[in-house]
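So the structure is just underneath, and the comments pick up after that.
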Amino acid sequence: MDDQTRMLTGLTGLAGLQQADVGDPDSVRKQQSLGQPQQDIGDILQQIMAITDESLDEAQARKHALNCHRMKPALFSVLCEIKEKTVLSIRGVQEEDPPDPQIMRLDNMLLAEGVSGPEKGGGSAAAAAAAAAAGGSPTDSSIEHSDYRAKLAQIRQIYHAELEKYEQACSEFTNHVMNLLREQSRTRPISPKEIERMVAIIHRKFSSIQMQLKQSTCEAVMILRSRFLDARRKRRNFNKQATEVLNEYFYSHLSNPYPSEEAKEELAKKCGITVSQVSNWFGNKRIRYKKNIGKFQEEANLYAVKTAVDAANVSAQASQANSPATPNSAIISSGLVCRCPDGPVLP
DNA sequence: GCAAATGATTAGAC
DNA sequence: GTCTAATCATTTGC
């Protein structure tokens with residue numbers, strides 16, 4: 001039996017029509033004499049069913065008329081009875097929700113990044129750490145630092161503005177719904193618990209929107225951090241002297257261009273770069289040389305000449321008293337110029 | 001603005 | 001762990 005049927009049965013019972021009376025000529029007479037209340041109930045139900053199809057003003061007038069109807073208390077009590085029965089079936093279903101782990105995670109992250117919670121320098125610690133990790137100069141890092149803080153502050157500002165908007169919208173909507181329910185409670189039974197439940201539903205809906213906001217904010221912070229931390233974006237070409245030192249070593253060890261750890265350290269010191277940068281440089285150089293020996297031929301010759309000249313100078317200084325050899329003869333005798341066309345044997 | 005050069009990162013092999 | 005090969009992201013030179 002659905003609610004409407006139940007309601008009708010209840011109301012029929014209320015009007016005094018008993019099942020046992022059906023078919024009895026007396027009862028028909030009784031029915032006819034009691035026909036007025038039954039018709040009233042029927043009218044009321046028709047009016048209630050039609051109320052949603054009417055315009056706001058018509059509905060408002062209809063509501064007023066129904067509220068003043070002489071059968072309204074009886075109808076209301078039946079509705080209360082039905083409601084009581086149906087509420088019983090869903091009672092206990094609504095439990096207190098445990099805190100959402102996803103929201104907790106986002107909250108923690110926003111707090112750690114200095115976006116939510118009290119302002120504490122807008123993640124300056126993170127900026128400083130990132131600057132240190134990126135290995136930039138003090139000036140560079142301070143510029144980046146302030147830039148990072150400014151952008152984080154911007155995110156923070158947007159986040160709080162949006163959060164405030166959501167909270168305001170949530171409370172406005174909740175008030176609106178509560179007012180509606182209170183008004184409706186004049187015509188249908190609505191318990192405070194039901195209102196509470198409705199408020200909880202609204203809050204859950206708004207908290208899911210809030211979670212989206214938190215998620216987007218976290219993503220924005222992550223992007224900012226990655227942009228700030230990504231060393232590739234801070235790439236600076238090595239200075240000319242450093243490149244020359246590295247190239248000299250590379251071309252003078254072309255048959256085995258794999259510097260030892262000690263050699264790497266020494267090269268790093270000479271060039272003012274890190275050992276891993278030296279390793280990167282040699283890794284790139286080896287692969288690029290191997291891929292296109294022809295292209296590097298000129299460079300190889302150039303450094304071969306340079307090495308030979310240096311060697312000749314050292315040799316000249318050593319044998320200054322005797323007959324000094326010319327740089328050109330040294331180059332020729334070293335055979336370095338001609339060595340490169342054959343190419344090195346890279347593993 | 002575009003292509004080339006270049007330093008850094010990554011996955012996979014050893 | 002290092003090395004290669006591929007790739008990315010930036011800088012440089014035109």
Side-chain angles (χ1 to χ4, degrees), chain A residues 109 112-113 123-152 154-155 216-307 309-310 336-337 339-347:
Chain A
M109 190 187 157
E113 292 295 335
S124 56
S137 68
T139 322
D140 283 351
S141 69
S142 61
I143 292 165
E144 295 275 356
H145 190 154
S146 60
D147 198 31
Y148 180 84
R149 271 198 302 182
K151 286 200 161 58
L152 199 68
Q154 214 176 332
I155 292 172
S216 307
T217 310
C218 280
E219 276 168 22
V221 173
M222 285 291 103
I223 289 165
L224 182 68
R225 272 185 77 91
S226 74
R227 281 185 75 85
F228 188 71
L229 282 163
D230 195 348
R232 279 192 291 202
R233 291 178 189 278
K234 294 172 67 65
R235 187 177 75 78
R236 296 274 184 280
N237 286 0
F238 299 155
N239 62 38
K240 212 176 167 193
Q241 189 233 329
T243 315
E244 269 186 25
V245 170
L246 295 167
N247 271 319
E248 266 177 46
Y249 187 97
F250 181 80
Y251 288 111
S252 62
H253 296 78
L254 211 46
S255 56
N256 185 35
Y258 297 87
S260 64
E261 205 53 39
E262 291 77 32
K264 280 182 191 171
E265 272 168 29
E266 207 182 314
L267 285 166
K269 208 182 281 180
K270 264 189 190 174
C271 300
I273 57 178
T274 65
V275 173
S276 60
Q277 281 178 306
V278 173
S279 298
N280 283 340
W281 190 91
F282 272 88
N284 284 326
K285 191 72 182 182
R286 279 191 299 266
I287 191 71
R288 283 162 188 165
Y289 181 87
K290 197 173 139 184
K291 266 187 180 173
N292 198 347
I293 294 173
K295 199 180 87 181
F296 288 96
Q297 200 55 69
E298 205 178 320
E299 192 179 66
N301 284 341
L302 204 75
Y303 280 100
V305 170
K306 200 173 177 329
T307 308
V309 168
D310 289 346
L336 281 165
V337 175
R339 189 182 65 174
C340 300
D342 297 334
V345 184
L346 285 174

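For clarity, every value in this text was computed on a predicted model and none was experimentally measured.
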Working for side chain to side chain contact (heavy atoms under 4.5 Å, CB included), residues A:V275 and A:L267: CA-CA 8 Å; A:V275 173; A:L267 285 166; over 6 Å; no

Integer-rounded Å distance: B:dT6 C1' and A:K240 NZ: 16 Å

Once you round it to whole Å, what is the distance between P of C:dC3 and OH of A:Y258? 8 Å

Excluding sequence neighbours, so at least two apart, what forms side chain to side chain contact (heavy atoms under 4.5 Å, CB included) with A:S276? A:T274

Between C:dT11 atom P and A:R236 atom CZ, what is the distance in whole Å? 6 Å

Using a 4.0 Å heavy-atom cut-off across all strands, classify A:N284 as base, sugar-phosphate, or nothing. base

With heavy atoms under 4.0 Å as the rule, sort A:K295 into base, sugar-phosphate or nothing. sugar-phosphate

Please report the distance, rounded to the nearest Å, between CZ in A:F250 and P in C:dC3. 13 Å

Output the rounded distance in Å from OH (A:Y289) to P (C:dT4). 14 Å

How long is the straight-line distance from CZ of A:R286 back to CG of A:L254, given to the nearest 0.5 Å? 11.5 Å

Is atom NZ of A:K270 surrounded by more than 12 heavy atoms (other residues, nucleotides or ligands) closer than 6.0 Å? no

For A:R286 and C:dT2, what is the distance between atoms CZ and C1' respectively, to the nearest whole Å? 9 Å

So if I take every side-chain heavy atom of A:K290 and compare against C:dT12, C:dT4, B:dT9, which nucleotide ends up nearest? C:dT4

CD (A:E248) with more than 12 external heavy atoms under 6.0 Å: yes

Whether A:R288 contacts B:dA5 is assessed here as follows: a side-chain N or O lying under 4.0 Å from the phosphate OP1 or OP2. Is that the case? no

From the list A:Y303, A:W281, A:F296, side-chain contact (heavy atoms from CB on, under 4.5 Å) with A:F250 holds only for A:W281

Distance check needed: B:dT6 P versus A:K285 NZ, whole Å only. 7 Å

With a 4.0 Å limit, can you tell me whether A:Q277 has a side-chain N or O closer than that to the phosphate oxygens OP1/OP2 of B:dA8? yes

Return yes if a side-chain donor-acceptor contact under 3.5 Å exists between A:N247 and A:K306, otherwise no. no

Measure the distance from CG on A:L246 to P on B:dT6 and round it to the nearest whole Å. 12 Å

The helix from B:dG1-C:dC14 to B:dC14-C:dG1: angle between its terminal axes, five pairs each, to 10°? 10°

Between A:S279 and A:N237, the residue closer to the 5' end of DNA chain C by nearest nucleotide is A:S279

When you check the phosphate oxygens OP1 and OP2 of B:dA5, does a side-chain N or O of A:K291 lie under 4.0 Å from one of them? no

